[in-house]
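These notes are about the structure you will find just below.
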Amino acid sequence: MILLKKTVILGSTGSIGRQSLDVINNLSQEWEVVALTANTSIDLLEEQAIEYKPEYVVIMDDKLALDLQKRLQGKCEVLKGLKGLEDVVSLQGIDLVINGLVGAAGLKPSIAAIKAGNRLGLANKESMVIGGEIINKLLASTGQEIYPVDSEHNAIFQILSSHRDQEIKKILLTASGGPFLNYSRDELQDVSVKEALAHPKWNMGKKISIDSATMMNKGLEVIEAHWLFNTPYDKIDVVVHPESIIHSLIEFIDNSMVAEMGVSDMRLPIQSAFTYPEKKNAQVEELDLFSLEKLTFYKPDVEKFIALKLAYQAGKMGGSYPVVLNAANEVAVDSFLKEKIKFNEITRVIELLLEDHKGESKLSVDDILAIDQQTRKKTREVLDKCC
Ligand code: MN
């Protein structure tokens, strides 16, 4: 009998989670799913549980957990809430935990997986944005490594695997520029939710699609790269590359550059997390170089997409600033998705919250989550008053 490798997928009903299961279908002779988790999508979670037969499923909501328990009676164990997430990522002998959760909610499960010694495939960039310092200390003390699933960081990770830190001159994170790349700041004012969700290149969840439209996604990724690769902010540049064929680049000290290329399909970085350090056949389409008309590169316009500027500032100031940046962004994006505020107000409110914040440093996980909660509350108050 072949011993299957074991995986836990956090956020299995979301975009990263569903694509992870698709990758597992491709690698089905090698992997078994031990746990699947969802926020509120109970129907899809039930379907997935019946198809993949995990030992555990976790749902965040108490009432839904009762319902799910009835539905899956005798099939698998139903756990609930953050405790449930921490329990399943801490199970013994897990070969890969995919963290596909959205937002700051991903931090504690990331930490629990590392503490349990389970390899973490990280798609939840907010874990690093708000908890990078703590996570890096934990990695250093346990000798572990995170496998980045975010496509840009995945590209960098792959390029760097054969080089030492001193050889790196710059990390160049590519950005598609999102659906509003060529809009003026004025034109941005009245864009609809539907327009903002229509990402030209990548198939992603709602929150990250809005983040891409404001370019906050790239801002968060700059902070994520800072911590993942221990690289100072002045050595991380953003390059707008609308074709999204190059997933990121490294410039070395000899002025050579190495790029990682492929079609824009998240199953590529996801599968690489499952097969690392090997590469295996994938369902991902071949990149046909001859069908590409051209590859273009632009400097980002940080006066138009101020999210990028705010993220660099918050990242450089460090401590609690990235926590405030992220929490204010999560609340503002949610309000925009509910059509309560206009597009440009997302970044305006983040700017206000950052200006108002008195930084704190040497934060514990509980400190971080307390600042996260305070900022959410404050952001809602500001939005209620102004918008
Ligand atoms: Mn990305």
Side-chain angles (χ1 to χ4, degrees), residues 10-11 14-20 23 98-104 106 110 120-130 132 146-160 171-181 196-229 231 233 236-250 259-273 284 287 297-298 300 305 307-308 311-312 315 322 325-326 329-330 333:
L10 304 184
S15 177
I16 292 289
R18 282 181 276 123
Q19 294 184 80
S20 297
V23 164
I98 293 285
N99 185 346
L101 299 174
V102 178
S110 286
L120 178 63
L122 189 65
N124 173 257
K125 67 194 71 179
E126 294 90 344
S127 286
M128 290 315 273
V129 170
I130 68 173
I146 284 179
Y147 191 87
V149 173
D150 205 346
S151 63
E152 297 78 0
H153 306 74
N154 183 267
I156 293 161
F157 183 90
Q158 298 200 39
I159 298 167
L160 287 183
I171 289 177
L172 300 161
L173 286 179
T174 50
S176 70
F180 306 133
L181 178 59
L197 285 176
H199 197 275
K201 291 291 170 192
W202 294 95
N203 163 20
M204 304 182 293
K206 279 187 180 174
K207 196 259 176 183
I208 186 174
S209 294
I210 302 302
D211 284 347
S212 292
T214 60
M215 288 197 77
M216 181 56 89
N217 183 51
K218 210 51 54 180
L220 297 175
E221 289 182 353
V222 167
I223 302 174
E224 182 187 14
H226 165 78
W227 292 115
L228 276 177
F229 306 112
T231 304
Y233 286 99
I236 306 171
D237 278 356
V238 171
V239 179
V240 176
H241 168 49
E243 295 83 7
S244 296
I245 294 296
I246 293 181
H247 301 143
S248 276
L249 311 96
I250 296 286
E260 193 264 343
M261 298 166 72
V263 296
S264 336
D265 187 326
M266 281 309 294
R267 291 175 302 179
L268 199 57
I270 293 170
Q271 176 161 309
S272 75
V284 174
L287 173 61
F297 307 95
Y298 307 94
F305 295 106
L308 205 48
Y312 266 103
L325 174 91
N326 179 67
N329 182 55
E330 285 191 38
V333 167

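All of these numbers come straight from a predicted model, not from anything done at the bench. Numbering of ligands and ligand atoms starts at 1, following listing order. Along the sequence shown, the residues carry numbers beginning at 1.
Residues Glu152 and Lys125 are not paired through a salt bridge, judged by the lack of any N-O separation under 4.0 Å between the basic side chain and the carboxylate.
The Mn ion (ligand 1) lies closest to atom OD1 when only the N/O/S atoms of Asp150 are considered. Of all N, O or S atoms in Glu221, the one lying closest to the Mn ion (ligand 1) is OE2. Summary: OE1 is the N/O/S atom of Glu152 found nearest to the Mn ion (ligand 1).
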side-chain contact (heavy atoms from CB on, under 4.5 Å) assessment of Ile210 paired with Leu197: CA-CA 6 Å; Ile210 302 302; Leu197 285 176; 3.7 Å; yes
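A donor-acceptor pair shorter than 3.5 Å can be found between the side chains of Asn154 and Ser272. A donor and an acceptor atom, one from each side chain of Ser264 and Ser244, are nowhere located under 3.5 Å apart.
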